[in-house]
Amino acid sequence: ALDLSQDEIDVCRTPAEIELAQFARSLFDVIAGAAQAAGLTEDYALAVSERYAEGNPDDFEGALAGLKAALEDKEAERAHPSNLPPDDMLAQIEAMNDAGEIDEADAALEAYIDARRTERQQRDAEDFRILTRAITQAVTTRNAQRYADRTLELIQLDSLSGVDCFERLRAFQDERYEEGLRLGTPFALVSAIGLARKCIDIAPTPYLRAQAENDLATTLAYQGMRTVGREGVALLVEAEETYRIALQARNEKHHPIDWAMTMQNLAIALQEQGKRTDGSEGNALLAKAVQTYRKSFRVFSESEQPKHWAQGMQNLAIALETQGSRTLGPEGVALLVEAVETYRAALRIRTEENHPIQWAMTMQNLAGALEELGARIDGPEGTALLTDAMDSYRAALRVYTEVDHPVHWAINQANMAMLEYARSKHRSTDSPRPLILAGLEHAKAALSVFDPETTAFYHQETVKVRDKLQSALTALPSSSS
């Protein structure tokens with residue numbers, strides 16, 4: 001290397017370059033002591049001074065302030081070293097900085113970052129493949145917890161924020177819930193429950209946590225409806241408890257719409273428990289359900305929130321129908337009449353044209369109330385009610401097809417089997433055999449969809465109806481028509 005004096009170097013520079021170098025030296029003279037005390041090399045401090053001189057050639061105070069901040073950041077970095085294992089490349093970059101080669105260090109660092117990014121993308125792609133396989137494996141082994149864990153990890157590979165991660169996981173949960181509800185796919189509702197629990201765990205705000213709690217409770221409730229015995233009741237009880245937790249945040253004062261929706265959902269859980277509970281305890285649960293539905297109408301009105309109002313009216317009608325079916329005499333008939341009227345009110349909003357799925361559901365439920373009412377009334381009036389019930393079930397099948405909605409289609413078939421049994425037993429019926437045979441065909445159709453594992457409750461109830469029909473057929477005289 002040439003051993004040149006400063007004067008000889010200055011001869012090779014323009015006046016502007018000389019002035020800039022002097023400016024940089026003035027900056028360096030101010031910070032040199034602090035830089036040395038911080039353990040920074042003179043070459044590094046001088047190189048940074050030159051860079052800030054270039055950026056602020058007419059503002060000494062501004063350049064000095066920026067230079068001091070940069071050196072403080074460097075000092076802080078050295079004062080708090082990483083706990084990670086040593087990185088050879090970072091050590092090389094640090095050596096370049098110490099030698100004053102800050103541009104070379106910057107270029108090396110950017111190249112290193114690009115290489116690491118490429119490695120990360122390759123690793124993420126491999127992780128995506130592995131996690132996707134793990135999710136499939138969790139479905140195979142019916143491990144809901146692992147399914148939820150791996151799905152969350154998959155989302156976290158490219159999630160933008162806590163809220164984004166929550167919303168995407170919740171979307172997965174909703175897909176599995178709808179799949180289980182509509183198609184009865186094995187493991188769908190079970191996995192939806194696991195995903196809802198995971199959503200609760202990661203919810204970034206109390207409001208979103210309550211939203212996830214409502215989702216969990218709804219999924220538990222529908223799983224409980226499809227599960228027999230104590231296990232089904234336990235799911236419904238957990239659903240009720242979870243709704244009540246959600247209501248602490250989804251309260252009437254601050255979130256009236258959410259409160260009313262959760263109240264309606266809570267009423268469903270109470271109602272389903274009431275259906276499965278005998279005696280005064282079951283009646284009390286049904287009464288609570290009716291009260292809870294009516295409270296929701298403080299928010300949901302036909303004019304302001306027609307869809308939510310109609311949903312509540314349909315569910316209220318179900319509770320009234322259940323009460324009526326368990327109540328003898330004129331009081332029971334009055335409850336059934338009120339249930340029919342309430343279903344018909346809901347149908348003012350839930351039309352086949354505008355809301356076909358909801359319309360079919362209400363028509364199916366209306367048929368059940370008409371059936372119960374017709375079975376209690378003798379003569380032509382009772383017969384007409386039973387005929388209206390069958391017409392309503394058949395109308396619902398225009399929407400609830402076996403291909404698109406197999407579970408609801410099967411529920412409808414099972415209901416038609418029960419209706420045929422009721423018609424065969426009605427005092428006005430002269431020829432029960434054709435009705436019983438038709439009922440057996442409906443039961444057979446329902447059991448082609450229901451199975452003892454994924455839709456155990458519906459399967460069990462349909463088997464009971466089939467057996468009743470078969471017993472009734474066997475009991476007929478051989479000459480009976």
Side-chain angles (χ1 to χ4, degrees), residues 142 144 147-148 170-200 211-246 261-277 285-286 289 292-293 296 308 311-312 314-319 322 357-358 360-362 364-365 368 396 400 404-412 414-415 446 449-462:
R142 293 179 57 81
Y147 178 90
R170 186 167 179 250
F172 269 102
Q173 191 275 338
D174 185 62
E175 286 178 10
R176 298 315 305 268
Y177 168 74
E178 290 295 333
E179 178 186 344
L181 191 66
R182 186 169 66 89
L183 301 177
T185 307
F187 189 61
L189 285 179
V190 175
S191 62
I193 290 171
L195 290 168
R197 294 191 195 280
K198 187 61 65 176
C199 284
I200 292 173
Q211 195 174 60
E213 288 164 347
N214 184 74
D215 293 342
L216 171 61
T218 300
T219 312
L220 287 167
Y222 277 100
Q223 180 73 339
M225 291 178 203
R226 296 182 179 186
T227 306
V228 297
R230 293 180 180 179
E231 184 182 353
V233 173
L235 287 165
L236 292 168
V237 170
E238 186 182 356
E240 177 196 346
E241 294 170 348
T242 308
Y243 281 131
R244 294 192 188 281
I245 293 171
M261 290 176 63
T262 305
M263 288 292 282
Q264 288 195 359
N265 291 335
L266 169 61
I268 292 173
L270 291 166
Q271 170 184 304
E272 291 300 321
Q273 289 181 67
K275 286 181 180 179
R276 299 192 184 194
T277 307
L285 286 165
L286 290 170
T292 306
Y293 284 129
S296 75
H308 292 310
Q311 174 74 38
Q314 182 211 237
N315 292 334
L316 171 60
I318 294 173
T322 307
I357 302 298
Q358 292 78 11
M361 182 181 297
T362 305
Q364 182 173 278
N365 290 326
Y400 283 158
D404 294 330
H405 302 276
V407 172
H408 286 100
W409 176 85
I411 291 172
N412 212 56
N415 289 337
V449 174
F450 295 150
D451 66 79
E453 182 179 1
T454 60
T455 49
F457 179 78
Y458 295 139
H459 182 272
Q460 177 178 280
E461 293 302 305
T462 305

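With rounding to the nearest 0.5 angstrom, the CG atom of Asp215 is 11.0 Å from the CG atom of Leu220. Atoms CD and CG, from Gln364 and Asn412 in turn, are 4.0 Å apart once rounded to the nearest 0.5 Å. Here the CD1 atom belonging to Ile193 is positioned 13.5 Å from the OH atom belonging to Tyr222, to the nearest 0.5 angstrom. If you take OH on Tyr177 and OG on Ser191, they are separated by 13.0 Å, rounding to the nearest 0.5 Å. Residue Cys199 holds its SG atom at 11.5 Å from CD of Glu213, rounded to the nearest 0.5 Å. Taking CD1 from Ile318 and CD from Gln271, the interatomic distance works out to 5.5 Å, rounded to the nearest 0.5 Å.
For Phe187, the CZ atom is densely surrounded, since the number of other residues' heavy atoms within 6.0 Å is greater than 12. Around atom CD of Glu178, more than 12 heavy atoms belonging to other residues, nucleotides or ligands sit under 6.0 Å away.
Among Arg142, Arg176, Lys198, the single residue meeting the side chain to side chain contact (heavy atoms under 4.5 Å, CB included) criterion with Tyr147 is Arg176. For the pairing with Met225, the side chain to side chain contact (heavy atoms under 4.5 Å, CB included) check across Ile268, Leu189, Leu235 returns one residue only, Ile268. With Tyr243 as reference, Thr218 is the one residue of Asn214, Thr218, Thr292 to meet the side chain to side chain donor-acceptor pair (under 3.5 Å) rule.
The aromatic ring centres of His408 and Tyr400 sit less than 6.0 Å apart.
By the 6.0 Å and 45° rule, Arg276 stacks over the aromatic ring of Phe457.
Arg182 places a side-chain N or O within donor-acceptor distance of the main-chain N or O of Asp404, the cut-off being under 3.5 Å. Remark: the backbone N or O of Leu181 is paired with a side-chain donor or acceptor of Arg226 at under 3.5 angstrom. Using a distance-only test at 3.5 Å, with no hydrogens or angles considered, no donor-acceptor pair links the side chain of Thr277 to the main chain of Gly274. Panel note: side chain Asp174, backbone Arg170; no donor-acceptor pair is recorded below 3.5 Å.
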Go through it in stages, so that I can follow the logic: the residues are Arg244 and Glu241, the test is salt bridge (charged side-chain N to carboxylate O under 4.0 Å, His left out), and I'd like the CA-CA distance, side-chain angles, deciding distance and then a yes or no. CA-CA 5 Å; Arg244 294 192 188 281; Glu241 294 170 348; over 6 Å; no

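Between Gln314 and Asn365, the side chains place a donor N or O and an acceptor N or O closer than 3.5 Å (distance only, hydrogens not considered).
In plain terms, the two heavy atoms of Thr455 and Phe450 that are nearest each other are OG1-CA, 3.2 Å. Nearest heavy atom pair, residue Glu240 against residue Leu266, reads CG-CD1, 3.6 Å.
Residues Leu216 and Ile200 are in side-chain contact: their nearest non-hydrogen atoms beyond the backbone lie under 4.5 Å apart.
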